[in-house]
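In what follows, a single structure is set out as structure tokens and then discussed.
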Amino acid sequence: MTSPTATHFAPRPGLGRTWERGALWLFRVATYFIVLCGAFVFGQIFWRGAPTVFTAHAPFVNVAFFTEAPESLHVFAYQGEKMELGDRAFNAFKAAHADAGAIKDDSYVYSAGGIFPCIVGTMLLVAGSMGIALFLGVSSAIYLNEYARDSAFVRFIRLAILNLAGVPSIVFGLFGFGMFVIFFGWNVSLLAGWFTLAFMVLPVVITASEESLKAVPKGFREGSLALGATKWQTIRKNVLPYALPGILTSSILGIARVAGETAPIMFTAAYVVRDKLPWEGLEKWTDFFFQGVMALPYHIYVVSSKIPQNEYTARVQYGTAFVFLLIVALIASTSIVLRSRLRNRYKW
Amino acid sequence: MSAATLSPMERLPAPPPSSPSLAVAPVAAMSAPAADLPPSRPIIDIDHVDFFYGQSQALHDVSLRLDEKKVTAFIGPSGCGKSTLLRCLNRMNDLIDGARVAKGSIRIRGIDIHAPAVDVIELRKRVGMVFQKSNPFPKSIYENITYGLRLQGVKDKGRLDAVVEKSLRGAALWDEVKDRLHASGLGLSGGQQQRLCIARAIAVEPDIILMDEPCSALDPISTSKVEELIHELKKEFTIVIVTHNMQQAARCSDQTAFFYLGRLIEFAATRTIFMNPSNPQTEAYVSGRFG
């Protein structure tokens with residue numbers, strides 16, 4: 001006869017334990033698989049892109065790639081030696097060598113030079129659209145959460161905002177094209193891109209801002225109102241500052257999305273190539289808003305789909321993707337630092 | 001809300017002396033002012049108020065006259081309408097959808113606070129409030145106290161400093177926090193936080209301070225400090241306090257109003273309510289037989 005302890009606490013026969021283990025491993029493997037996929041994507045882009053972005057010697061960063069405009073790459077053989085030169089260097093080479101006129105070269109567009117105009121364009125698009133989205137989004141979140149009474153109309157607005165979040169980005173692109181580019185006559189321009197991207201992230205900003213406003217305890221509002229503050233004074237001094245960290249968190253998501261979307265800007269703001277930087281050759285200052293720009297995601301789309309894939313073009317393809325990831329990471333981490341600073345200032 | 005904020009036209013005549021009410025059955029002593037107290041200047045005059053949250057009636061024909069520089073306690077079981085009435089006095093109920101005074105009037109210093117000419121912001125400057133859950137803002141102690149004054153546009157540092165010291169002394173908190181005025185108000189203990197909220201309320205120099213169960217979340221020592229404070233404050237302010245704690249009402253109020261199911265059952269001197277109530281329901285409640 002077994003001891004009482006053993007009979008009481010011995011595992012029951014059956015498949016129970018096997019199922020427990022199976023469930024654990026299913027979830028564990030699924031999680032590891034995701035991590036692996038992510039690591040593969042980032043690793044691939046880092047591995048292939050890093051040689052373009054970093055150099056072996058000081059300053060260890062390929063400055064030209066960050067500061068120059070894209071050029072065509074000319075590949076040719078000269079006196080038995082294989083040469084790879086960008087547009088300007090190629091022209092200088094031809095001028096310097098009298099016998100160079102007969103050179104037969106293969107040229108690959110955008111594969112030399114850098115991506116400076118794309119970086120500038122993306123930064124401008126992000127800054128402008130987030131400015132518009134934050135202003136409109138926070139305003140409407142304040143209205144919905146602080147002022148509006150619960151009515152059928154307000155519920156309808158909330159539903160509309162939720163639905164807006166599910167609209168594919170290409171639809172936003174076409175909407176922006178029809179509305180801003182054609183109907184308002186803004187042409188392909190920064191302004192059209194700003195508003196298109198802003199409308200795309202508005203649902204994210206509104207929803208998250210509302211959540212942040214809701215998280216501010218009711219006692220702060222009542223305490224303020226009981227001291228003779230008006231509603232707007234209460235919101236400005238005693239609600240919004242505490243909601244700001246949460247609103248910034250939401251805008252991190254927004255920024256990553258705005259910076260990364262290709263579809264909304266391909267009809268509204270992005271040029272395949274543009275010689276001038278946005279601040280060059282403006283006749284009057286308002287022209288700034290009505291010019292198209294180059295943008296990183298659209299540039300990635302162009303260099304990955306419109307030019308051949310080979311050893312000469314891979315450099316700029318992976319380099320651009322890598323820089324793009326770096327920039328998004330930079331924006332996101334800036335926002336995170338900002339948020340944690342604010343969060344420490346207002347804790348309750 | 002001083003008389004100066006209204007033109008003489010808006011000022012209403014003194015209410016007619018209320019006749020003994022026959023409409024509400026259980027009411028025995030409902031004539032205002034409080035029975036058997038020496039007459040004093042009434043500052044708040046609640047006259048036959050019916051109050052609704054949407055369709056449900058929370059107050060039924062409540063009439064009360066509260067005296068200046070006295071402590072009035074509202075007692076009664078949960079849901080009896082005492083907090084609702086308190087929040088009517090500075091119109092905090094305006095924040096709730098569908099909440100309204102359907103009948104009757106509330107006058108403070110003779111002015112109907114629901115009159116169109118009354119600005120609710122001005123009213124709340126004169127009628128301060130301390131909440132059940134202490135709600136110091138996540139700002140420094142100094143900023144908490146000066147919040148109300150800064151809203152009124154006071155920028156003079158000397159004056160703000162003086163008000164901070166005066167208010168903190170008034171709330172018996174000065175000695176405990178004078179060395180850390182610029183530390184967060186949330187770093188204080190629960191009782192200190194509640195006294196900070198009282199200091200913040202008196203910093204704007206109201207006439208009336210409403211307290212909604214100010215000690216319900218405090219330990220006994222903090223509670224006794226707040227009660228001592230109430231005793232001091234009534235030299236300068238009229239205080240209305242809602243409390244679940246009958247000992248507290250007995251200890252710190254001059255007059256007590258007992259509510260039950262949205263009706264005022266009895267209103268008299270605190271001593272009378274607790275020692276010799278005229279209504280059997282009051283007696284049952286204060287002796288702990290229900291509620």
Side-chain angles (χ1 to χ4, degrees), chain A residues 141-158 209-249 338-348, chain B residues 1 86-87 89-99 119-140 143-153 184-187 193-194 196-206 208-212 217:
Chain A
I142 289 175
Y143 173 73
L144 288 173
N145 199 52
E146 307 289 331
Y147 287 95
R149 307 202 159 197
D150 193 36
S151 66
F153 182 61
V154 167
R155 280 196 293 275
F156 174 74
I157 291 177
R158 277 181 220 274
S209 303
E210 260 205 276
E211 292 304 316
S212 321
L213 289 170
K214 280 202 185 86
V216 175
K218 214 171 113 209
F220 294 172
R221 295 181 179 85
E222 289 190 332
S224 174
L225 290 170
L227 287 167
T230 63
K231 192 145 192 167
W232 169 232
Q233 284 172 329
T234 298
I235 293 167
R236 188 160 44 95
K237 303 221 180 223
N238 220 20
V239 177
L240 212 47
Y242 317 138
L244 213 55
I247 294 173
L248 281 178
T249 316
L338 193 65
R339 171 174 59 125
S340 67
R341 289 234 173 129
L342 284 172
R343 194 86 187 83
N344 288 337
R345 221 168 94 198
Y346 297 116
K347 238 191 272 181
W348 64 85
Chain B
M1 187 184 67
L86 189 80
R87 292 167 68 93
L89 300 181
N90 66 347
R91 285 178 57 185
M92 265 332 231
N93 286 327
D94 289 12
L95 304 179
I96 300 167
D97 282 357
D119 183 5
V120 68
I121 304 302
E122 295 301 319
L123 170 69
R124 289 180 190 148
K125 284 180 193 163
R126 309 308 321 151
V127 185
M129 190 162 200
V130 176
F131 295 84
Q132 177 174 11
K133 193 170 175 295
S134 65
N135 57 352
F137 305 144
K139 301 170 185 282
S140 72
E143 285 172 309
N144 262 286
I145 308 248
T146 54
Y147 185 87
L149 284 178
R150 283 189 201 206
L151 289 178
Q152 295 172 23
S184 170
L186 294 170
Q193 288 193 5
Q194 194 58 294
L196 175 62
C197 293
I198 294 173
R200 189 174 69 190
I202 63 181
V204 292
E205 299 184 328
I208 300 165
I209 301 176
L210 310 176
M211 298 188 176
D212 191 355

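Chain letters run A, B, ... following the sequence lines, proteins first and then strands; every chain starts at 1.
- Heavy-atom pairs under 4.5 Å with chain A peak, among B:R91, B:R150, B:M92, B:Q152, at B:M92.
- At a 4.5 Å heavy-atom cutoff, B:P206 makes no contact with chain A through either its backbone or its side chain.
- Shortest non-hydrogen contact noted between B:G98 and A:R149 is N-NH1, 4.4 Å.
- In this structure, NZ on B:K139 lies 9.5 Å from CZ on A:F220, to the nearest 0.5 angstrom.
- Using a 4.5 Å cut-off between heavy atoms, B:L95 touches chain A through its side chain atoms alone.
- Within 6.0 Å of CD on B:Q132 lie more than 12 heavy atoms contributed by other residues, nucleotides or ligands.
- Atom CG of A:L227 sits about 5.5 Å away from atom CZ of B:F137, to the nearest 0.5 Å.
- In terms of heavy atoms, A:A226 sits closest to B:N90 at CB-ND2, 4.4 Å.
- Taking CD of A:E222 as the reference point, atom NZ of B:K133 lies at 11.0 Å (rounded to 0.5 Å).
- Separating the CD atom in B:E143 from the NZ atom in A:K237 is a distance of 10.0 Å, to the nearest 0.5 Å.
- Around atom NZ of A:K218, no more than 12 heavy atoms belonging to other residues, nucleotides or ligands sit under 6.0 Å away.
- Of the atoms belonging to B:R200, heavy atoms from both backbone and side chain fall under 4.5 Å from chain A.
- A distance of 7.0 Å separates CG in B:L151 from OG1 in A:T234, rounded to the nearest 0.5 Å.
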